[in-house]
Protein chains: 2
Amino acid sequence: MSHKANAPKINSIAELPPSEAKWIELKKINWTDQAGRERVWEVAARKTRGRSGVDAVAMATIILHPSRPPSTILVLQYRPPVDVTTVEFPAGLIDADESPEAAAVRELREETGYTGRVLDISPTIANDPGMSTANMQLVVVEVRLGEGDEEPEQHLDSGEHIQRVVVPLDELYEKLLTYSRQERTMVSAKLFHWAAGLHFAKKQLLQL
Amino acid sequence: MSHKANAPKINSIAELPPSEAKWIELKKINWTDQAGRERVWEVAARKTRGRSGVDAVAMATIILHPSRPPSTILVLQYRPPVDVTTVEFPAGLIDADESPEAAAVRELREETGYTGRVLDISPTIANDPGMSTANMQLVVVEVRLGEGDEEPEQHLDSGEHIQRVVVPLDELYEKLLTYSRQERTMVSAKLFHWAAGLHFAKKQLLQL
């Protein structure tokens, strides 16, 4: 794949009439609160949720190598909603008849080339529950490499432009701060929270 | 505040016409990708973003007490978008002319009663960048208590029903798994990621 020098760019932003929307929709929820009062809440939702009842998976990948420090893999891609390059865990929507575990292994292979073993899968968790129905599961995937293993090839869909970066876990938090200082680059909140938890624990444990 | 036994409930869900939406909106982004191809991306956005350019803050609060283990504080509240009680870090939208730091201290006091000192504030990070423009900053707030300090009173707005729970950091990850097993309860993805990073670090460091 040849990455051309063309930077992606937004040409225009328009109102999206509900009749045209294919991927997401707005809903008005009429609800009764704890005090018996009728209220309205506005919510955004994905229209693509399948049988699993979960929209997406993201993968906290742990790469183990005989002579390199334990690392994780991040993906960088231009994201039109925020009009910048984001730094995220590999992630993807779960297909209609797919299990979250299968989606995790498939998406990790597509976006990064690596094949791993699912070590742990989170409960269903809410992406942004004040605004959206979107939910996900966080999957911990272990990738064990041999000394001479070469970097595998990505299996991107046509039109996908995703850069992968392997980062030692010990450097992850600082690396995310560095990315955040770059022009037109933003870290995803979920990845940042994971790294901040890791960073906090290490600081706290090293004080003991 | 008396919590009545009434469980909040959804009465109906309807399409939200753009002309009626006050808080969020759908947009159609026309963009040109890396290969020069014109494409469309559908996105949800908050309509309330103020001068800071950031929608919201969430607070990773560290409560230090002379004779109790370091703890954090979580908030539980019914969230109509996901129709369950969510477990989250205290959080809130930043007012139009407010700084993120000021919003953090204000929201923490309103939702939990505690007053703290801002130790750290993250870069602006993207909540769900495949679907939404929403962004936030994660603020680490330290609360130092004395031996005999009593639990402070919340300062909730009328119509807010928020329960606070103090959880020792060492028990946080397990506690979130326990909440996730309860009926009609869901943990927020950002809080879960923070706890999972903390948990992973402790497991990893204890193996050394």
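Bear in mind that the values here come from a model prediction, so they are computed numbers and not experimental data.
Lys47(A) NZ: more than 12 foreign heavy atoms inside a 6.0 Å radius. The number of heavy atoms from other shown groups lying within 6.0 Å of CH2 (Trp23(B)) does not exceed 12. Within 6.0 Å of atom CZ in Arg106(A), more than 12 heavy atoms from other residues, nucleotides or ligands are found, so the atom counts as buried in its surroundings.
For Ala44(B), the parts lying near chain A are the backbone and the side chain together; criterion is any non-hydrogen pair under 4.5 Å. Heavy-atom distances place the side chain of Arg39(B), and not its backbone, under 4.5 Å from chain A. Looking at Ala56(A), neither its backbone nor its side chain comes within 4.5 Å of chain B, counting heavy atoms on both sides. Looking at Thr133(B), both its backbone and its side chain come within 4.5 Å of chain A, counting heavy atoms on both sides. The part of Ala45(B) that comes within reach of chain A is its backbone (N, CA, C, O), which places non-hydrogen atoms under 4.5 angstrom from that chain. Interface remark: Leu138(B) contributes side-chain atoms only to the contact with chain A (heavy atom separation under 4.5 Å). Heavy atoms of Trp41(A) lying under 4.5 Å from chain B belong exclusively to its side chain. If you measure heavy-atom distances from Leu172(A) to chain B, you find no contacts under 4.5 Å at all. With a 4.5 angstrom heavy-atom cutoff, Tyr173(A) touches chain B only via side-chain atoms. With a 4.5 Å cut-off on non-hydrogen atoms, Leu93(B) does not touch chain A at all. Interface remark: Glu88(B) contributes side-chain atoms only to the contact with chain A (heavy atom separation under 4.5 Å). For chain A, the nearby part of Ile62(B) is the side chain; its heavy atoms alone come within less than 4.5 Å.
Residue with the most contacts toward chain A among Arg37(B), Arg46(B), Glu25(B): Arg46(B) (heavy-atom pairs, distance under 4.5 Å). Counting heavy-atom pairs under 4.5 Å between each of Arg181(A), Glu42(A), Arg79(A) and chain B puts Glu42(A) at the top. With chain B as the partner, the residue from Ile13(A), Asp120(A), Leu26(A), Leu191(A) showing the most heavy-atom pairs under 4.5 Å is Leu26(A). With chain A as the partner, the residue from Pro81(B), Ala60(B), Pro8(B), Ala134(B) showing the most heavy-atom pairs under 4.5 Å is Pro81(B). Your options are Val87(B), Thr86(B), Thr124(B), Val40(B), and the one with the most heavy-atom pairs under 4.5 Å with chain A is Thr124(B). Counting heavy-atom pairs closer than 4.5 Å to chain B, the top residue among Ser12(A), Ala195(A), Ala91(A), Ala58(A) is Ser12(A). The most heavy-atom pairs under 4.5 Å with chain A, out of Val140(B), Leu177(B), Asn135(B), Val82(B), come from Val82(B).
Minimum heavy-atom separation, Phe89(A) to His193(B): CE1-CD2, 4.2 Å.
Here Thr32(B) contributes atom OG1 and Tyr78(A) contributes atom OH; the two are 9.0 Å apart, rounded to the nearest 0.5 Å. Between the CD1 atom of Ile24(B) and the NZ atom of Lys27(A) there is a distance of 12.0 Å, given to the nearest 0.5 Å. Atom-to-atom distance recorded for Asp128(B):CG and Asn127(A):CG is 4.0 Å, nearest 0.5 angstrom. With values rounded to the nearest 0.5 angstrom, Ile29(B) atom CD1 is found 4.5 Å from Ile10(A) atom CD1. For the atom pair Asp33(B) CG and Lys9(A) NZ, the distance stands at 10.5 Å (nearest 0.5 Å). Atom NZ of Lys202(A) is separated from atom CZ of Phe200(B) by 7.5 Å, given to the nearest 0.5 angstrom.
The shortest side-chain heavy-atom distance between Pro17(A) and Pro18(B) does not fall under the 4.5 Å cut-off. The shortest side-chain heavy-atom distance between Asp55(B) and Met131(A) does not fall under the 4.5 Å cut-off. Taking the side chain as every heavy atom from C-beta outward, Pro123(A) and Phe192(B) approach each other to under 4.5 Å. Pro129(B) is not listed as a side-chain neighbour of Met186(A), based on a closest heavy-atom distance of 4.5 Å or more.
Among pairs with a residue in residues 182-192 of chain A, those fulfilling side chain to side chain donor-acceptor pair (under 3.5 Å) read Asp83(A)-Arg184(A), at least two apart in sequence or across chains.
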